[in-house]
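Worksheet: one structure, shown below.
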Amino acid sequence: MPPSFDVIVVGGGHAGVEAALAAARRGAKTALFILKLESLARLSCNPSLGGPAKGHLAREIDALGGELGYVADLSGIHFRMLNRGKGPAVWAPRSQNDRQLYSRLMLRHTEAQDRLLLIEADVAEILVERGRALGVRTVVGTEYRAPQVILATGTFLRGLIHVGKVSIPGGRSGEPSSEALSGSLDRLGFRLARFKTGTPPRVDMRSLDYSCLEEQPGDPEPEGFSWYRDVNLSNQVSCYLTRTTPETHRIIRENLQLSSLYSGIIKGIGPRYCPSIEDKIVKFPQRESHQIFIEPEGLNTFEGYVNGVSTSLPPEVQEAVVHSIPGLEQARIMRHAYAIEYDFIEPSELSPSLESRRVKGLWLAGQINGTSGYEEAAAQGIMAGINATLALEGQPLLTLSRGEAYIGVLIDDLVTCGTNEPYRMFTSRAEYRLLLRQDNCDERLMPLGYKLGLVSDQRWRRFQRMLELKERELERLRSEKSSSHPELREPQKFAALLKRPDTNWARLAEFGYTPSPEVTPDILRRCELEIKYEGYLKRAEEEMRRFQASEELALDEDIDYRAIETIAWEAREKLQRVKPRSLGQANRIPGVNYTDTAALLVWLRKRQKTAPDG
Ligand code: FAD
């Protein structure tokens, strides 16, 4: 008999690791397949986590009981809260990490997980019988069985690396591609397409001229991603800022025909918001200069990541480009940049639980669904891991709504709209971003993580205590009044004073307020935010409730939209393909208009009336 498991995860990247950990932690006997064990959770591009919207995702994953945020904190060497000057909805934690340490820690945590076995093998085929996943077969013919199979193969499916005019198969630098699995998916009827991404050169940090670089130290009081785990964060390195010059742009323009992208070798579509330097020069010819950040890759290496110079130009042109940048005139390139093309599966093949519609028990997570980025991948991974185990238990599957979490926005966008370019998360994608802040992910998602058994009792108790202290402090602020003060005609409630845009805690102290001794700066910040933004938050909550109501108008999976003649033909096709789970979701499908959903509503009402018990 082939070895058997409850859950098989194919892929040990950010999606696969979260999926496997969630499954094993929820009690499933789990196997994780990877092409090279030592590359588990490798940060393929920049060893950096978080940033706008991605930081939100990282903290949400952590609140649900995932690993990414915790390991990012443990391996972080530089922390910054971005957008501090803007509104609270867009504050975003970001870390620079020690690349090797991040992978090593993930490997250690994954190996130590009960019920989880790591297996180095190239999975070539998904075994399916009567529309149900049965397990996998490797390239050497070994079979492994499981009723739930999660695919998280990242950039590896028929991965092709490009440097100038040279193209070589590979899943990323130094690692093989996965050649056979795409064929198996193709035979199962999945729609595969090609995307492209790229990475910049790495330089020896000892060869830089620091007098020309602007130093970017970390925050004086670093903030990480993980909730209630007491990681001691410290800023140990700085990043450096420089800019491209007219000479850089000239070199790129004159050598465009040598780039894999502009010579037509690359066919796949690349990430619009993370473009190659060639793309930036061609698409924004009016820009005289672009920012370049030099970011250390770790504490035990001199390698530095040249953020902003992702390219597929040949090595000799890369040298010229790098040397044309102030501070990098003498830089020694340790690794050259490259681009990569890979297969992905159109995410409209998936239901909102991330289960494929084609094969029951087959779940897809990460870059294979057309996304780009570690956090996007990990977010899908933890959801696929949770849902595969809920399916095993015969429990209802979990979907997060757009009003609950960025994770909900991400998955809803993917399964509802599909994607025609590598999908990256932005704060602008979330309608209720004032509610989906990075500072309240624990309040939004930890109860769920705890209920699912992914958050420990110890963390849960700390969270409960925080809530208690916060509520008590809010109560004090709302009920207690200031002492008399020359600026006030009469004593006022502290909450009313704190609501004023120019009042902070120091100012409130002048009016006689002393926070309770146990209250931490984090709790004070939450109280201040809830009081200052009270009106906006209430409005956002009302809007969200209205939105949730339209989401609750459920649509059955078995509706045959092609037969509803009152709906436009294009909309019928789209509805049939996406099979929305609610009228709200149907409204968001591109190509489905308001008149189509109105016609659908009429059809639903008619059907209800004519139903035997209707
Ligand atoms: P990956 O991290 O790619 O992991 C895939 C895993 O699947 C690997 O462990 C592999 O061994 C395993 N695997 C694959 N096939 C098989 C098989 N058949 N059998 C067994 N195991 C298998 N993201 C950004 O946000 N911005 C960027 O600028 C950016 N640039 C990038 C540049 C490059 C060159 C690359 C390679 C990636 C870049 N990324 C970038 C993407 C980022 O690395 C991914 O989004 C993220 O790693 C995806 O995570 P994942 O878990 O889906 O897959």
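Below, each value reflects all heavy atoms present in this structure, side chains not excepted, and no hydrogens, waters or symmetry copies. Since this is a predicted model, take the numbers as computed values, not measurements. Order of listing sets the numbers, starting from 1, for every ligand and every atom in it.
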Could you check whether E67 pairs with R25 (Lys NZ or Arg NE/NH1/NH2 to Asp/Glu carboxylate O, under 4.0 Å)? yes
#### Entry: D6 and K29 ion-paired at < 4.0 Å
no
Ordered by chain then number, the protein residues lying under 4.0 Å from ligand 1 by heavy atom are V10, G11, G12, G13, H14, A15, F33, I34, L35, S44, C45, K54, A121, D122, V123, A152, T153, G154, T155, F156, R172, S178, L181, T197, G198, T199, C274, Y338, I340, G366, Q367, S372, G373, Y374, A377
Here the side-chain hydrogen bond (donor to acceptor under 3.5 Å, both in side chains) pairs for residues 382-391, sequence neighbours left out, are R26-T389
side-chain hydrogen bond (donor to acceptor under 3.5 Å, both in side chains) pairs touching residues 360-370, sequence neighbours excluded, are Q148-W363, Y342-Q367, E355-K360, N369-Q380
Distance-only donor-acceptor hits, side chain of residues 31-41, under 3.5 Å, sequence neighbours excluded:
unit_1: S39; atom_1: OG; unit_2: K36; atom_2: O; d: 2.7
unit_1: S39; atom_1: OG; unit_2: E175; atom_2: OE1; d: 3.3

Less than 4.0 angstrom from a charged side-chain N to a carboxylate O is my criterion; do R104 and D98 meet it? no
